[in-house]
Amino acid sequence: MQILWQIEKGFVKDVLAKIPEPKPAYNTVSTIIRILEKKGFVGYKAYGKTHEYFPIVDKTSYSNFYLKNFIGGYFGGSFQKLVSFFAKENDMDMTDFQSLMEHVGDDLKDEDK
């Protein structure tokens, strides 16, 4: 998705050209793009047997979908469990955690404006 957002539209070969080494096989990239298309994230225009792909969802919508599935799959749908996990894994003390919460609070206030 990142590459499709960057190039805006392209064929599998165009996406493959933007992937850093070691590059996956052409068929692997093609399969991933077709899965994204079936899930409704990517559209295409057919030119015979060749398809030109383009994103049909923006980054924010895709990120929300991905994050909800991630939290649901690994943390039972609990955002609190996700935050607790990362706080413990990163050895955050209460000062670090309070600073993080203040930052989040500031971001939420900015969205309300």
Side-chain angles (χ1 to χ4, degrees):
M1 285 303 301
Q2 297 292 335
I3 293 171
L4 281 175
W5 286 314
Q6 179 187 6
I7 65 174
E8 297 180 3
K9 62 181 178 177
F11 300 93
V12 172
K13 67 180 180 69
D14 300 322
V15 173
L16 190 58
K18 293 284 189 179
I19 297 175
E21 293 291 341
K23 294 184 185 291
Y26 179 95
N27 287 343
T28 301
V29 175
S30 178
T31 298
I32 291 169
I33 292 174
R34 282 186 277 124
I35 290 168
L36 291 169
E37 185 265 323
K38 287 178 184 171
K39 290 185 175 191
F41 301 125
V42 172
Y44 68 89
K45 184 174 181 183
Y47 300 95
K49 292 184 177 183
T50 304
H51 294 88
E52 182 179 39
Y53 296 96
F54 52 90
I56 57 176
V57 297
D58 60 32
K59 286 183 181 182
T60 302
S61 298
Y62 183 80
S63 296
N64 285 337
F65 171 83
Y66 183 82
L67 189 56
K68 284 180 184 177
N69 281 325
F70 175 76
I71 292 171
Y74 290 97
F75 299 99
S78 170
F79 183 72
Q80 291 83 356
K81 288 180 183 177
L82 169 78
V83 172
S84 177
F85 170 80
F86 282 106
K88 289 175 187 173
E89 287 296 309
N90 291 292
D91 294 323
M92 292 180 80
D93 60 23
M94 283 306 293
T95 304
D96 293 334
F97 188 75
Q98 287 172 340
S99 176
L100 174 64
M101 291 299 100
E102 287 174 14
H103 181 73
V104 169
D106 291 343
D107 285 347
L108 292 174
K109 287 177 191 174
D110 288 344
E111 283 184 10
D112 289 339
K113 292 180 183 177

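- One hydrophobic cluster, built from ILVMFWY side chains closer than 4.5 Å, cannot hold both I19 and F54; they sit in different ones.
- Both V29 and L4 are assigned to one and the same hydrophobic cluster, defined by single-linkage of ILVMFWY side chains at heavy-atom distances under 4.5 Å.
- Residue K23 qualifies as enclosed at atom NZ: its count of foreign heavy atoms under 6.0 Å is above 12.
- Between the CD atom of Q80 and the CZ atom of F85 there is a distance of 16.0 Å, given to the nearest 0.5 Å.
- Listed here is the closest heavy atom pair of S61 and V57: CB-CB, 4.4 Å.
- Rounding to the nearest 0.5 Å gives a distance of 12.5 Å between CD of E8 and CG of D14.
- A donor-acceptor contact shorter than 3.5 Å links the side chain of D58 to the backbone of T60.
- Within a 6.0 Å sphere centred on CZ of F97, heavy atoms belonging to other residues, nucleotides or ligands number 12 at most.
- Nearest approach of V42 to I56, heavy atoms of both residues: N-CG1, 3.7 Å.
- Scanning for side-chain hydrogen bond (donor to acceptor under 3.5 Å, both in side chains) contacts around Q98 gives an empty result, with sequence neighbours left out.
- Here the NE2-CG distance, from H103 to L108, works out to 10.0 Å after rounding to the nearest 0.5 Å.
- The nearest pair of heavy atoms linking P55 to M1 is CB-CE, 4.1 Å.
- Atom NZ of residue K18 and atom CD of residue Q2 lie 13.5 Å apart, to the nearest 0.5 angstrom.
- Looking at V12 and Y53, their side chains come closer than 4.5 Å, going by heavy atoms from C-beta outward.
- For T31 (side chain) and N27 (main-chain N/O), a donor-acceptor pair under 3.5 Å exists by modelled atom type.
- Hydrophobic clustering (ILVMFWY, side-chain heavy atoms < 4.5 Å, transitive): L67 and F79 are in one cluster.
- Hydrophobic clustering places M101 together with F86 (ILVMFWY residues linked when any side-chain heavy atoms are closer than 4.5 Å, directly or through intermediates).
- Under the 30°/60° scheme for interplanar angles, the aromatic rings of Y47 and F11 are found to be tilted.
- In this structure, N64 CG and N69 CG are separated by 11.0 Å, a value rounded to the nearest 0.5 Å.
- With values rounded to the nearest 0.5 angstrom, D91 atom CG is found 12.0 Å from K88 atom NZ.
- Cluster membership check: V83 does not share its hydrophobic cluster with Y66, using side-chain heavy-atom separations under 4.5 Å among Ile, Leu, Val, Met, Phe, Trp and Tyr.
- Ring geometry for Y62 versus W5: interplanar angle over 60°, hence perpendicular rather than tilted (30 to 60°).
- Using a distance-only test at 3.5 Å, with no hydrogens or angles considered, no donor-acceptor pair links the side chain of S30 to the main chain of Y26.
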